[in-house]
Protein chains: 2
Amino acid sequence: MDENIVPDVVISRLPWYLQTLKQIADEGMQTVSSSLLAEKLGSTATQIRRDLSNFGGFGKQGRGYTIDNLIEELENILNMDRIWPMIIVGAGDLGRALARYQGFQNQGLKVAMLFDNAPDVVGTLVGKLRVKHVDSMREEVKSNRIKIAIITVPANSAQEIADLLVEAGIQAILNYAPVTLVVQSSVRVQHIDPTLHLQRMLYYLDEY
Amino acid sequence: MDENIVPDVVISRLPWYLQTLKQIADEGMQTVSSSLLAEKLGSTATQIRRDLSNFGGFGKQGRGYTIDNLIEELENILNMDRIWPMIIVGAGDLGRALARYQGFQNQGLKVAMLFDNAPDVVGTLVGKLRVKHVDSMREEVKSNRIKIAIITVPANSAQEIADLLVEAGIQAILNYAPVTLVVQSSVRVQHIDPTLHLQRMLYYLDEY
DNA sequence: TAGATTGTTAATCGATTAACAATC
DNA sequence: TAGATTGTTAATCGATTAACAATC
């Protein structure tokens, strides 16, 4: 009973499927075949079917998938049956933009608190959130059992913040600081760095 | 003469290596072994050596790699020997944050222009850039031979903007809109979507 | 020279794709 | 029923890892 582990590559594609399914639903469709979905995603029908089959048979032969049903199944798989409170650490341009971001709505996610350490920033209002001091962060994370943190502090303090967060019980980190964070393997880290994404594409650019 | 194609997985790791090498250089070190670098990256020595060997032998047996030299080699491979001008489309919270972002400095990248279509935004100043109207975008991209665009417009207009950009000659798109863009295969797209990254981690979270 | 570490080959592992019987 | 499309098995493809001779 331990070879039922679903590969992380598969997991990483589920939110992507979900996003496009919701879009198709908005367009008023009721069902999709794996091949239609593949077309919208720039993926392949076989891969989608194989990915989904890790979790059960959600489709019907000859008919495809009921969109609303598949959306619900994916949301359950991804633990989106509740709203996960998140904290943002760093109330700079990016941290504030993320605090105001509307895109987390209906995605099982919600920014609950925003922290910084600059005296002139702490106490100011960002959207509906008042910036709290980092000194209170450990306690807030613990007592509210918060599991997810978004780091938008400068590169040189990101690791320190990450250590503090992990110690306080954070299990998932979305890191916007341009450094590779080192954490214990039970903690998930996703690194978003525009520079890295752009440089990766630079390689393929024609000279002019 | 066509089986010298380096896999994209390898290319995607080079900016990551570069980032950490620069960091190590800042700490005053002169050389690194693949195993030390691997440790800093949470990668493996073998993978680093194999990745680099796609481009030549940059190290010396028994000694490792000269950091400055390896940085230079990677920068050349990634076409970072010049500064690539980029445009940002969408001057919302995120677009403005990116326009002011200092992290593109010394990375071969520079935000050259910022576009929007809202009358009350066009003409305003963001950092040192004045927001231009989207109507002039096609012409600006063409005449300045700009190859890279960052899209931060709402989901429902992202595909339309992408089509326009590709037609104007853009070859690389960093997409922050929460939709999968469909473009011809000669154009590179990287999708940055905090929701997708977060949901991917949700799967692994403990219940409480 | 002896020790360390590279670059590379061969072995392993894992992920994608093709194909098709099952079935709506 | 006939046609369409799933879920799954087996084949292929590609990427990672192990191991070691070459060499600084």
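All chains are named by letter (A, B, ...) in the order of the sequence lines, taking the proteins before the strands, and each is independently numbered beginning at 1.
- For Phe55(A) and dT8(D), the CZ to C1' distance is 16 Å, given to the nearest whole Å.
- A side-chain donor-acceptor contact under 3.5 Å links Gln102(A) to the backbone of Arg100(A).
- Against DNA chain C, the stretch residues 18-48 of chain B makes heavy-atom approaches under 4.0 Å through Ser33(B), Ser34(B).
- Here Ile87(B) contributes atom CD1 and Leu129(B) contributes atom CG; the two are 12.0 Å apart, rounded to the nearest 0.5 Å.
- With contacts defined as side-chain heavy-atom distances shorter than 4.5 Å, the pair Arg96(B)/Asp93(A) does not qualify.
- Within the structure, the ring pair (Phe, Tyr, Trp, His ring centres under 6.0 Å) test picks out the following pairs touching residues 91-114 of chain B (sequence neighbours left out): Tyr101(B)-Phe104(B).
- Proximity of Arg13(A) to the phosphate of dT16(C): a side-chain N or O atom is located under 4.0 Å from OP1 or OP2.
- Between the side chain of Asp163(B) and the backbone N or O of Glu160(B) there is no donor-acceptor pair closer than 3.5 Å.
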**Prompt:** Hey, mind stepping through Asp193(A) and Gln19(B) against side chain to side chain donor-acceptor pair (under 3.5 Å) and telling me if it holds?
**Reply:** CA-CA 11 Å; Asp193(A) 189 330; Gln19(B) 182 180 75; 2.9 Å; yes
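- Comparing Gly59(B) and Val10(A) by the nucleotide of DNA chain C that holds the closest heavy atom to each, the one mapping nearer the 5' end is Gly59(B).
- The interatomic distance linking Leu70(A) (CG) with dT5(D) (P) rounds to 16 Å, in whole Å.
- Scanning for side chain to side chain contact (heavy atoms under 4.5 Å, CB included) contacts around Ser33(B) gives Ser35(B), Leu36(B), with sequence neighbours left out.
- Shown here are the salt bridge (charged side-chain N to carboxylate O under 4.0 Å, His left out) partners of Glu167(B), two or more places apart in sequence or in another chain: Arg138(B).
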**Dot-bracket notation for DNA chain D, counting Watson-Crick and G-U pairs under 3.5 Å, with | for partners on another strand** = ..||||||||||||||||||||||
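- Residue Tyr65(A) places its side chain closer to dG7(D) than to any other of dG7(D), dT16(D), dT16(C).
- Closest approach of Tyr17(B) and Leu52(B) over heavy atoms only: CD1-CD2, 4.5 Å.
- Look at CG on Asp51(A): it is 11 Å from P on dA15(C), rounded to the nearest Å.
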**Request:** Take Lys40(A) and Thr180(B), measure what side chain to side chain contact (heavy atoms under 4.5 Å, CB included) needs, and give me the verdict at the end.
**Result:** CA-CA 8 Å; Lys40(A) 297 260 179 189; Thr180(B) 300; over 6 Å; no
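- A donor and an acceptor atom never sit less than 3.5 Å apart when one is taken from the side chain of Arg50(A) and the other from the base of dT8(D).
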N/O-N/O pairs, protein side and nucleotides 20-24 of chain C side, under 3.5 Å:
from	atom 1	to	atom 2	distance (Å)
dC24(C)	O2	Gln61(A)	O	3.0

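- Side-chain N or O atoms of Thr152(A) include one that pairs as donor or acceptor with a backbone N or O of Gly90(A) at under 3.5 Å.
- Separating the CD atom of Glu73(A) from the C1' atom of dG7(D) is a distance of 15 Å, rounded to the nearest angstrom.
- The distance from atom CG of Leu52(A) to atom C1' of dT5(D) is 13 Å, rounded to the nearest whole Å.
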